[in-house]
Amino acid sequence: MRLNGEISSYLNEEENENEINSLSYSIGPGFPHPQKLVVGYALTSKKTKSFLQPKLQGLAWNKGILFVAIDQSRSLSDQGPFDIVLHKLLGKEWRHIIEDYRLTHPEVTVLDPPDAIQHVHNRQSMLQDVADLNLSDCHGKVDVPRQLVVKKDPSSIPDAVTKAGLMLPLVAKPLVVDGSAKSHELSLAYDQFSLSKLEPPLVLQEFVNHGGVLFKVYIVGEAIKVVRRYSLPDINKCELLNSAGVYRFPRVSCAAASADEADLDPGVAELPPRPLLERLARELRRRLGLRLFNIDIIREHGTKDHFYVIDINYFPGYGKMPEYEHIFTDFLLSLVQCKYKKRLVNNC
């Protein structure tokens, strides 16, 4: 894609508005109609800072993509016009606003549907789609850890764990992912007595030894990018027998340094097979109805091809994904090309 005129750097909001409005682009061979691609975004200030980095904005500008902040104090329909709306805000009011906008502006691509996003805000429902896949082929097997949902009464947790047949230690995570740092914290419970000290509502997952490495699989439309991150270390039987209590951890995979350049055991560091990830991503895109998410995957230590999905996140920290600027802008442009092709077919 080329701009009709050379632009060497991103123009900030103080640039002349008329100059911005005069720009257009051609979306490649076979797509001669010139236009601007306007992406309205409704993000928290923290997400805006981490995602809309100068390098992304500069590349987007040079490809004819304009990012425009949505004013949450004004009617969404009175703003724009937008080609794409990118959003990650919480609350029922916003969900109603964006859902109404989708219904009244079907020509706009909304990333992503609010009901689909809400589905992965609950750790019980997010992993059910993975479990239902029962994905197993020549490239490997994908499971979810055995888990138990506890919504209230911490004193009942020990008995519930015994009845469910879960094995210690157990990873405890908040049931609802609400965007706060606390919702991404986890605890590790080593013994039955400590279980009653946990704070529902939560999900309890059996801990799976995985060599202390987690794979973050970023999904942007059809694109897949995988990075290694350090995770919780393995737990041996001796440690389990001599440990007690609840140990709380921050956002482990987010806060940890990248493990991509580390000198790791090949059996631990080897990335999951690409065909397996492509099939998993394709199925989850269809089932979840999402195009922007990431999957946290671990490999059971001592195996080559047994993987577990332990978390799914909507619109994750793409700023930490290598080459995210190119991947994301290409994705946005592909949405326009897809729309153009559909219009050609419908007009035939």
Side-chain angles (χ1 to χ4, degrees), residues 112 116 119-120 123 125-147 171 173 205-235 252-254 256-328 330-331 334:
D112 274 311
H119 184 72
V120 295
R123 285 194 164 96
S125 57
M126 75 163 66
L127 295 185
Q128 188 58 51
D129 289 289
V130 181
D132 291 344
L133 278 178
N134 194 26
L135 201 164
S136 180
D137 60 23
C138 60
H139 300 287
K141 181 176 177 61
V142 179
D143 279 327
V144 298
R146 296 175 64 201
Q147 66 178 34
V171 178
K173 303 177 181 179
Q205 294 179 347
E206 285 188 337
F207 182 82
V208 177
N209 279 341
H210 52 282
V213 172
L214 175 149
F215 303 101
K216 294 196 81 71
V217 183
Y218 292 96
I219 311 296
V220 183
E222 301 290 326
I224 301 173
K225 192 78 172 181
V226 188
V227 298
R228 300 181 192 87
R229 292 281 174 84
Y230 286 114
S231 180
L232 298 179
D234 288 350
I235 299 172
V252 177
S253 66
C254 178
S258 169
D260 280 332
E261 305 301 325
D263 184 16
L264 299 170
D265 181 338
V268 170
E270 183 181 359
L271 297 179
R274 186 77 184 184
L276 188 70
L277 293 181
E278 289 175 348
R279 182 180 172 192
L280 176 62
R282 181 172 62 252
E283 290 290 344
L284 287 182
R285 276 196 301 268
R286 181 178 62 83
R287 287 171 177 261
L288 297 175
L290 298 174
R291 283 171 281 191
L292 301 176
F293 61 100
N294 91 280
I295 315 165
D296 288 347
I297 295 180
I298 58 175
R299 174 193 285 111
E300 185 174 4
H301 198 194
T303 73
K304 180 178 176 58
D305 57 4
H306 195 178
F307 301 92
Y308 291 86
V309 174
I310 58 174
D311 240 331
I312 299 175
N313 302 287
Y314 173 67
F315 202 150
Y318 285 119
K320 299 176 183 178
M321 180 179 78
E323 301 176 347
Y324 91 102
E325 304 92 349
H326 292 276
I327 293 172
F328 212 94
D330 286 348
F331 165 64
S334 73

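Hydrogens, waters and symmetry mates are skipped; everything else that's a heavy atom, side chains included, is used.
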Colleague: Please evaluate residues H119 and L290 with respect to the criterion side chain to side chain contact (heavy atoms under 4.5 Å, CB included), reporting the C-alpha separation (whole Å), side-chain torsions for both, the decisive distance (0.1 Å), and the verdict.
Modeller: CA-CA 10 Å; H119 184 72; L290 298 174; over 6 Å; no
Colleague: If you look at every heavy atom in L127 and Q147, which pair is closest and at what distance?
Modeller: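 Between these two residues, the closest heavy atoms are CD1-OE1, 3.5 Å.
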Colleague: Quick one: side chain to side chain contact (heavy atoms under 4.5 Å, CB included) partners of D137, sequence neighbours excluded?
Modeller: L135, H139, L276, R279
Colleague: Nearest 0.5 Å please: distance from the CD1 atom of I219 over to the CG atom of N313.
Modeller: 12.0 Å
Colleague: Distance from R291 atom CZ to Y314 atom OH, nearest 0.5 Å?
Modeller: 9.0 Å
Colleague: Verify side chain to side chain contact (heavy atoms under 4.5 Å, CB included) between K320 and V227, making sure each step is shown before the conclusion.
Modeller: CA-CA 9 Å; K320 299 176 183 178; V227 298; over 6 Å; no
Colleague: To the nearest 0.5 angstrom, please state how far the NE2 atom of H210 sits from the CG atom of D234.
Modeller: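 So the NE2 of H210 and the CG of D234 are separated by 7.0 Å.
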Colleague: Would you say the side-chain atoms of R123 pair up with the backbone N or O of D311, donor to acceptor, closer than 3.5 Å?
Modeller: no
Colleague: List the atom of R299, the atom of E270, and the distance in Å for their closest heavy-atom pair.
Modeller: NH2-O, 2.6 Å
Colleague: Are any of the side-chain heavy atoms of K141 and F307 separated by less than 4.5 Å?
Modeller: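 K141 vs F307: side chains apart.
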Colleague: How long is the straight-line distance from CE of M321 back to CG of N294, given to the nearest 0.5 Å?
Modeller: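 With rounding to 0.5 Å, CG (N294) is 10.0 Å from CE (M321).
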Colleague: Mind checking the OH-CD spacing from Y308 to Q205? Nearest 0.5 Å is all I need.
Modeller: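 So the OH of Y308 and the CD of Q205 are separated by 11.5 Å.
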Colleague: Under the side chain to side chain donor-acceptor pair (under 3.5 Å) test, which residues partner D143, sequence neighbours left out?
Modeller: H306
Colleague: Can you tell me how the ring of Y318 sits relative to the ring of Y218, calling it parallel under 30°, perpendicular over 60° and tilted otherwise?
Modeller: tilted
Colleague: Can you name the closest pair of heavy atoms from G211 and V268 and give their distance?
Modeller: O-CG1, 3.7 Å
Colleague: Would you find a donor on one side and an acceptor on the other, under 3.5 Å apart, between the side chain of R228 and the backbone of V213?
Modeller: no
Colleague: Nearest 0.5 angstrom please: E283 CD to L288 CG, how far?
Modeller: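 Going from the CD atom of E283 to the CG atom of L288 covers 10.5 Å.
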Colleague: Taking all non-hydrogen atoms of both residues into account, name the closest pair between A116 and G289 and its distance.
Modeller: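 For A116 versus G289, the nearest heavy atoms are CB-O, 3.9 Å.
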Colleague: I would like to know whether V220 and D330 meet side chain to side chain contact (heavy atoms under 4.5 Å, CB included); could you show each step before the answer?
Modeller: CA-CA 10 Å; V220 183; D330 286 348; over 6 Å; no
Colleague: I'd like to know if the side chain of K173 reaches the main chain of I310, judged simply by a donor and an acceptor atom lying under 3.5 Å from each other, with no hydrogens or angles considered.
Modeller: yes
Colleague: Return yes if some donor-acceptor pair links the side-chain N/O of D112 with the main-chain N/O of L292 below 3.5 Å, else return no.
Modeller: yes
Colleague: Report yes if some heavy atom in the side chain of V309 is under 4.5 Å from a heavy atom in the side chain of L280; otherwise report no.
Modeller: yes
Colleague: Quick check: closest heavy atoms across T303 and E300, and the distance to 0.1 Å?
Modeller: OG1-O, 2.7 Å
Colleague: Hey, does F207 have a side-chain heavy atom less than 4.5 Å from the side chain of I235?
Modeller: yes
